[in-house]
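Below is one structure, written out as structure tokens, with a few remarks after it.
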Amino acid sequence: MKKIVLVPDSFKGTMSSEKICEIMQQAIEKHYPDIEVIAIPVADGGEGTVDSFLSAIGGRKINIVVKGPYMEDTESFYGILPDKTAIIEMAAAAGLPMVGSNKQAEKTTTYGVGQLIADAITRGCDNIVVGLGGSATNDLGCGAAAALGVEFLDATGCSFIPTGENLSEIRHIDISKAEQRLRGKRIITMCDIDNPLYGEHGAAYIFGPQKGADEQKVVFLDSQLRQAANTIKSCLQIDVADIKGAGAAGGMGAGMVAFLGAELQMGIEAVLDTVRFDSLIDHANIIFTGEGRIDTQSLRGKVVIGVARRAKKRGIPVVAIVGDISDDIEAAYDEGVSGIFSINRVAIPMQDACKRAESDLYLTMDNILRFMKAIYS
């Protein structure tokens with residue numbers, strides 16, 4: 001054994017990906033003190049994405065004031081990597097925790113996200129990675145687009161900033177100013193879901209309820225997205241309806257593509273490309289990855305599966321360390337996962353298991369490494 005790579009997602013609400021890497025490395029160094037360990041803490045677009053990139057690659061965090069979900073001034077942030085790539089979490093300006101109990105998906109805006117992108121451009125960033133996840137919005141990303149110069153006009157020719165409740169009022173879309181501002185810039189949009197823009201699997205139906213929308217409001221929000229998609233097709237000749245990931249962050253996935261010319265990628269793919277994962281795993285003997293729960297949603301391309309697919313091409317075994325294992329995840333093995341282990345060692349309820357997650361993670365790693373030594377010694 002000469003090299004081990006660590007590339008876990010966070011266990012949301014329990015341990016950050018940085019903490020998981022730290023604990024895994026402690027256990028490895030106990031049994032293999034001279035081995036090379038490459039730690040790559042990751043997040044696939046949601047909360048913690050900026051910190052994960054900065055921890056893995058280096059760089060600096062930029063703190064600025066932007067508009068929040070209800071156009072209030074709010075402190076926000078993004079990261080700039082050493083190569084001048086900007087890393088932005090949309091949730092840092094339009095996240096669900098920012099609205100507290102005042103959840104009104106029809107009124108919230110992504111305007112502040114556009115301000116973060118604009119600030120990164122003024123600081124010389126030509127490559128911008130925007131993580132979608134944890135949003136309080138359903139505005140199709142119109143707010144962010146407006147902050148970057150896209151103009152939305154109603155039937156009277158008046159310019160306005162659309163939100164989830166008035167997307168159907170858009171009659172004309174002028175992207176010329178934004179195109180000029182973004183010329184020469186590359187925007188990659190990360191998301192960890194592949195939902196379409198509207199319909200029973202779309203932004204409003206799947207994610208609207210957690211943003212405060214009741215059954216009637218979900219139907220209304222969905223209709224607004226449908227009508228806006230038709231307007232986009234008419235004005236910009238882009239059909240966003242069935243783009244995989246279009247429904248991410250209240251339709252912002254679709255808006256980033258249509259209004260800003262962004263590339264939409266599964267979050268983990270964008271992360272792995274940015275950290276140059278394929279080079280980092282050269283000569284690796286084994287890769288440890290993980291996430292809070294592995295289930296059928298994971299199989300659609302979250303961290304564990306994204307890592308496994310790339311490792312499989314190189315013939316490198318992948319071990320997934322998770323908090324909980326769902327039924328029906330056998331397909332993970334076909335994707336390149338060699339083994340899946342839960343850290344819930346004493347089979348207790350999740351709320352109790354979370355309190356001892358750090359020690360249980362260490363003990364689980366210790367157990368696996370003892371077995372590995374017996375096999376490889």
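These numbers come from the heavy atoms of this one structure, side chains and all, not from hydrogens, waters or symmetry mates.
- Hydrophobic cluster of Y70: the remaining members, joined at side-chain heavy-atom separations below 4.5 Å, are L96, V99, listed by chain and number.
- Residue pairs that meet the ring pair (Phe, Tyr, Trp, His ring centres under 6.0 Å) test with at least one member in residues 143-174, sequence neighbours left out, are F152-F259.
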Under the criterion salt bridge (charged side-chain N to carboxylate O under 4.0 Å, His left out), I'd like the reasoning laid out for R171 against D154: C-alpha separation, chi angles, the key distance, then a yes or no.
CA-CA 5 Å; R171 292 292 184 273; D154 63 17; over 6 Å; no
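- In summary, the side chains of T108 and K211 do not present any donor paired with an acceptor at a separation below 3.5 Å, with no hydrogens or angles considered.
- Looking at every heavy atom in both residues, S168 comes nearest to Q224 through N-OE1, 2.9 Å.
- Between the side chains of S17 and S52, at least one donor-acceptor pair of N or O atoms lies under 3.5 Å.
- Among all heavy-atom pairs drawn from M98 and A93, the shortest one is SD-C, 3.6 Å.
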Stepwise, does the salt bridge (charged side-chain N to carboxylate O under 4.0 Å, His left out) test hold for R310 with D278?
CA-CA 8 Å; R310 296 204 183 194; D278 293 341; 3.4 Å; yes
Could you go step by step and tell me if D366 and K30 meet the salt bridge (charged side-chain N to carboxylate O under 4.0 Å, His left out) rule?
CA-CA 8 Å; D366 181 73; K30 171 185 173 182; 3.1 Å; yes
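- Salt-bridge check for R186 with E263: passed, with a basic side-chain N closer than 4.0 Å to an acidic carboxylate O.
- Grouping Ile, Leu, Val, Met, Phe, Trp and Tyr by side-chain contacts under 4.5 Å, direct or through others, puts F207 with I193, I206.
- Residues L361 and I321 form a side-chain contact, since some pair of their non-hydrogen atoms from C-beta on lies under 4.5 Å apart.
- Between E106 and K217 there is a salt bridge, since a side-chain N of the basic residue sits under 4.0 Å from a carboxylate O of the acidic one.
- In summary, the side chains of D139 and T110 do present a donor paired with an acceptor at a separation below 3.5 Å, with no hydrogens or angles considered.
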Worked check of salt bridge (charged side-chain N to carboxylate O under 4.0 Å, His left out) between E165 and K107
CA-CA 6 Å; E165 66 183 354; K107 297 184 182 298; 3.2 Å; yes
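- Here the shortest heavy-atom pairing between V7 and T289 reads O-OG1, 2.8 Å.
- The OH atom of Y32 sits 6.5 Å away from the CD1 atom of I4 when rounded to the nearest 0.5 Å.
- The local environment of CD in Q216 is sparse, with at most 12 non-hydrogen atoms from other residues, nucleotides or ligands closer than 6.0 Å.
- Using a 4.0 Å cut-off between charged side-chain N and carboxylate O, R293 and D324 make a salt bridge.
- Checked by atom type and distance alone, the side chain of D194 never pairs as donor or acceptor with a backbone atom of K244 at under 3.5 Å.
- Separating the CZ atom in F77 from the NZ atom in K61 is a distance of 5.0 Å, to the nearest 0.5 Å.
- Hydrophobic clustering (side-chain heavy atoms under 4.5 Å, transitive across Ile, Leu, Val, Met, Phe, Trp, Tyr) groups I232 together with V257.
- With no hydrogens or angles considered, no side-chain donor-acceptor pair links N344 and S342 at under 3.5 Å.
- Remark: K67 fails to qualify as a cation-pi partner of Y111 under the 6.0 Å distance and 45° angle criteria applied to the six-membered ring.
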